Amino acid sequence: TIACMTDPATARQSVAPRRGRQDIELLRCFAFLAIVTIHVTKTFVSRAEAEGAFDSDYWIASAFDSAARWGVPIFFAIAGWILLVGAPVRSREDLVRRASRTIVPLLVWGYLYVLFGWWEEGFPAKASDVVVSLVQPFVQAPDWGGQLWYMFVYIPLLLVLGTAVLVLRDRPISIGLLGFLGLAVA
């Protein structure tokens with residue numbers, strides 16, 4: 001499509017809109033529902049565990065929670081497919097654009113969690129504690145109630161696979177190199 005925009009001879013041709021793969025979209029919808037199920041059932045499971053009351057609500061919620069756990073790895077599999085096959089990184093600028101579209105929201109939401117923590121627990125008394133609370137969530141596993149952890153997994157996945165695509169796009173891929181990349185991602 002870029003050639004159509006830069007080449008006057010083909011600029012008049014209509015470009016068909018890009019369509020997603022229906023099987024991937026359907027899988028993504030089911031994975032989304034599975035993750036919503038995990039978040040909803042967590043309330044029942046956590047309450048029962050805190051109270052020691054393992055009633056029928058707990059067992060039903062626990063069964064749904066367990067059955068829905070496949071949704072998270074499916075999202076990462078879809079992300080890997082997109083980065084390697086569906087819409088691979090085409091240039092260094094493309095990789096930077098994709099990374100910034102992920103890192104900027106992580107920073108915004110991360111600092112909103114920090115501000116909420118200050119509102120809930122009180123503003124730190126010392127300036128050094130303010131600096132630590134602003135930096136710590138991004139260098140140490142944050143205590144955000146299980147939220148945003150996937151961003152800390154997705155961003156390295158994006159950077160490693162995106163870089164691999166850029167480095168290897170014009171080179172034959174060996175089994176050894178694929179194994180090395182697999183270990184690097186793991």
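No hydrogens, no waters, no symmetry mates; every other heavy atom, side chains included, goes into these values. Small disclaimer: the values here were computed from a predicted structure and weren't measured.
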Practice task
Starting from the C-alpha separation in whole Å, work towards a yes-or-no answer on side chain to side chain contact (heavy atoms under 4.5 Å, CB included) for D65 and T37.
Solution key: CA-CA 7 Å; D65 180 85; T37 301; over 6 Å; no

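The local environment of CZ in F54 is crowded, with over 12 non-hydrogen atoms from other residues, nucleotides or ligands closer than 6.0 Å. Shown here is R92, whose CZ atom has no more than 12 heavy atoms of other residues, nucleotides or ligands within 6.0 Å.
Cluster annotation: V45 and V72 are assigned to distinct hydrophobic clusters (Ile/Leu/Val/Met/Phe/Trp/Tyr, side-chain heavy-atom contacts under 4.5 Å, transitive). Linking ILVMFWY residues whenever their side-chain heavy atoms come closer than 4.5 Å, directly or via other members, leaves W59 and V40 in distinct clusters. Residues L33 and I60 fall into different hydrophobic clusters, defined by Ile, Leu, Val, Met, Phe, Trp and Tyr side chains chained together at heavy-atom separations under 4.5 Å.
At least one donor-acceptor pair under 3.5 Å links the side chain of D55 to the backbone N or O of Y58. Judged by distance alone, with hydrogens and angles left aside, the side-chain atoms of R98 form no donor-acceptor pair with the main-chain N or O of V96 at under 3.5 Å. Looking at S100, its side chain does come within 3.5 Å of a backbone N or O of R97 through a donor-acceptor pair.
Across every non-hydrogen atom of F44 and A61, the tightest pair is CB-CB, 3.5 Å. In terms of heavy-atom proximity, A31 sits nearest to I74 at CB-CG2, 3.9 Å. Here the closest non-hydrogen pair linking V89 and G162 is CG2-CA, 3.7 Å. Scanning all heavy atoms of the two residues, the minimum distance from G80 to L161 falls at CA-CD1, 4.0 Å. Across A34 and G71, no two heavy atoms sit closer than the pair CB-CA, 4.0 Å. The shortest heavy-atom contact between M151 and L106 is CB-CD1, 3.8 Å.
The shortest side-chain heavy-atom distance between V165 and R90 does not fall under the 4.5 Å cut-off. No side-chain heavy atom of F64 sits under 4.5 Å from any side-chain heavy atom of I38. A heavy-atom distance below 4.5 Å is found between the side chains of L112 and W109. For the pair F30/W70, a side-chain contact is recorded, criterion being any heavy-atom separation below 4.5 Å from C-beta on.
The OG1 atom of T102 sits 5.5 Å away from the CG atom of L158 when rounded to the nearest 0.5 Å. Taking CD1 of I78 as the reference point, atom CD1 of I24 lies at 5.5 Å (rounded to 0.5 Å). The CH2 atom of W81 lies 10.5 Å from the CG atom of L83; values are rounded to the nearest 0.5 Å. Note: T41 OG1 to H39 NE2 = 9.5 Å, rounded to the nearest 0.5 Å.
Using cut-offs of 30° and 60° on the angle between ring planes, the pair W118 and F123 is perpendicular. The aromatic rings of F116 and W119 sit tilted relative to each other, their planes meeting at an angle between 30° and 60°.
Side-chain rings of Y154 and Y150 stay apart, their centers remaining 6.0 Å or farther from each other.
When each of R21, Q22, R28 is checked for a side chain to side chain donor-acceptor pair (under 3.5 Å) with E25, only R28 meets the rule.
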